[in-house]
Amino acid sequence: MATPTLEKTDEAPADAGHLVTVTFRIRRFNPEEAPDAFWEDFELRIDPKERVLDALHQIKWEQDGTLTFRRSCAHGICGSDAMRINGKNRLACKTLIKDITDIKDGVAAKPVTVEAIKGLTVLKDLVVDMDPFFQAYRDVMPFLITSGNEPTRERLQSSADRERFDDTTKCILCAACTSSCPVFWNDGQYFGPAAIVNAHRFIFDSRDEGGEQRLEILNDRDGVWRCRTTFNCTDACPRGIEVTKAIQEVKRALITRRF
Amino acid sequence: MSTEVFKVEDGTDYAAHPAPVIEPPRARTARTPKATRTNFELYGWLFMRVSGVLLVVLVLGHLLIQLVLEGGVSKVSFAFVAGRWASPFWQAWDLIMLWLAMLHGANGLRTIINDYAERDTTRFWLKMLLYTATVFTVLLGTLVIFTFDPNIR
Ligand code: HEM
Ligand code: SF4
Ligand code: FES
């Protein structure tokens, strides 16, 4: 364990009455050390109003500096720290410990499990290879497509037109939805919910003219028709986007376009 | 599924390390085939729903007649079948039910194969088996409905 952690001090924290004991059971994997992943328990004294991300920090800074995970903003906007917490995909920085534990007499009844999101290659501990996820995102052309000369002023839009795709503008590309989808787990060729959400954001934007192209892309073998309406994605989305509804709207657009 | 050397952003060659990095099946890459520009999947999806609605009537009606009404399953015999197939209405009912149920079931199994079979060759051969069985059953059933001879001994 060469990676340093903070130096330990012997003095007890001044007021520790609000702290509780929680065990974090973390799925560890380091391909440079062992071929297999394993569960490791860390016991923490922590304020239950802290988030899972704070617990991971505490482990990394005070117990085991080799624990590896992604985070940037720590405030639910960069999409770095989607992970499977107690079997459900969430952002570690938006999940309060008190909301996922049952605390009795200052001790959490059950350990909190933390593992990498599924369906993407685990590189180390909680870090996965996001390339296939972003490849699907790129493949739906997530940028404004227009024809003709560029206007000299802002492209105006009525508030009703803006409202049409408001929900899908909120995506932070955390992959919680795509990596909760059982179709994606088994077949990574499927575009996955996140790519469809981001196509939806442009397909239903009145200023955009590439809707036809995007619909054509999602009409393919690995597009929206593979969705089986399990609603895992909607449950997983930390931004509260109605992901399954967005997918259904793309299906409906394809069908009404044809008939 | 590829066995190619796995590289991360910083160029680390994970193949050189002791642990094999476990890649999920069929990952999407820049080389993933692009859109085929057909409406096959759209029509397949619609067909599942339309045929499902028709099958509710056809299959439940079928089960009701065969198993519940007028004496239950024990009345089903050669004579019973001969009597029903004397009418073009029941011939048409059974023919439509055969085709819809077989195509619906086959397309449903195709979906399941697409979901679960990882290797391209496994997918191919499972589907070939499925299509062969479907064509055989549909053709045999159709043949029997049209050439059924009540006076056979
Ligand atoms: C009784 C009326 C029926 C209705 C309303 C119905 C409806 C449906 C629908 C809507 C789907 C698509 C599900 C999806 O895309 O997620 C489906 C799938 C399927 N159906 Fe039916 N169906 C019926 C009868 C049958 C029969 C008689 C068979 C067998 C011959 C069958 C076999 C299948 C299979 C294998 C699937 C794929 C399973 C899956 O997608 O998970 N169904 N059915
Ligand atoms: S739709 Fe929600 S769960 Fe999916 S990537 Fe965007 S923010 Fe994450
Ligand atoms: S760290 Fe940015 S979303 Fe959680």
Side-chain angles (χ1 to χ4, degrees), chain A residues 29-37 117-124 127-140 178-179 181-192 195 213-229 251 253-255 257-259, chain B residues 1-50 52 107-120 122-124 126-127:
Chain A
F29 173 63
N30 181 352
E32 293 174 20
E33 278 182 357
D36 294 318
I117 47 177
K118 299 212 317 175
L120 294 160
T121 309
V122 179
L123 300 180
K124 188 176 178 186
V127 173
V128 299
D129 175 23
M130 296 281 279
D131 280 357
F133 174 79
F134 285 114
Q135 185 62 49
Y137 175 59
R138 269 182 225 110
D139 287 349
V140 299
T178 295
S179 63
C181 175
V183 176
F184 181 79
W185 292 339
N186 287 302
D187 190 348
Q189 305 273 304
Y190 172 43
F191 275 94
Q213 276 168 277
R214 295 195 190 88
L215 284 175
E216 201 53 64
I217 292 168
L218 292 178
N219 193 23
D220 194 31
R221 255 197 330 274
D222 299 310
V224 287
W225 307 115
R226 299 211 60 177
C227 164
R228 312 280 284 290
T229 349
K251 285 183 194 165
L254 276 164
I255 287 177
R257 186 180 71 145
R258 202 55 56 188
F259 297 100
Chain B
M1 295 313 298
S2 68
T3 51
E4 67 188 280
V5 172
F6 189 87
K7 290 223 194 313
V8 222
E9 289 94 299
D10 62 1
T12 311
D13 180 357
Y14 271 74
H17 295 300
V21 171
I22 301 163
E23 283 185 65
R26 302 167 54 76
R28 180 170 276 272
T29 66
R31 275 167 289 121
T32 295
K34 291 291 178 285
T36 45
R37 303 193 69 87
T38 71
N39 287 311
F40 183 76
E41 297 295 338
L42 184 156
Y43 290 127
W45 186 89
L46 263 185
F47 172 76
M48 289 308 270
R49 271 129 256 267
V50 174
N107 194 39
L109 280 177
R110 185 183 70 95
T111 309
I112 292 173
I113 294 170
N114 279 338
D115 278 351
Y116 288 103
E118 292 172 10
R119 286 173 31 223
D120 280 340
T122 321
R123 295 163 81 88
F124 177 82
L126 281 177
K127 284 184 200 172

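Bear in mind that the values here come from a model prediction, so they are computed numbers and not experimental data. Just the heavy atoms: all of them, side chains too, but no hydrogens, waters or symmetry mates, feed the values below. Chain A is the first sequence line, chain B the second, and so forth, proteins listed ahead of strands; every chain is numbered from 1.
Proximity to chain B is limited to the backbone of L120(A), based on heavy atoms less than 4.5 angstrom apart. In this structure, chain B has no heavy atom under 4.5 Å from any part of K118(A).
N114(B) and R226(A) make their closest contact through O-NH2, 3.0 Å (heavy atoms, listed as atom of the first residue, atom of the second, distance). Nearest heavy atom pair, residue D139(A) against residue R28(B), reads OD2-NH1, 2.7 Å.
Atom OH of Y116(B) is surrounded by 12 or fewer heavy atoms from other residues, nucleotides or ligands within 6.0 Å. Within 6.0 Å of CZ in F47(B) there are more than 12 heavy atoms belonging to other residues, nucleotides or ligands.
Taking the ring pair (Phe, Tyr, Trp, His ring centres under 6.0 Å) definition, one finds that W45(B) meets it with W225(A), sequence neighbours left out. Legend: residues meeting salt bridge (charged side-chain N to carboxylate O under 4.0 Å, His left out) with R228(A), ordered by chain and number and at least two apart, are D115(B).
Here the CG-OG1 distance, from D131(A) to T29(B), works out to 10.0 Å after rounding to the nearest 0.5 Å. With rounding to the nearest 0.5 Å, the separation of CG in L218(A) from CD in E41(B) is 13.0 Å.
The main-chain N or O of A27(B) is found under 3.5 Å from a side-chain atom of Q189(A) such that the two form a donor-acceptor pair.
Side-chain atoms of N39(B) and N219(A) form a donor-acceptor pair, as typed in the model, at a separation below 3.5 Å.
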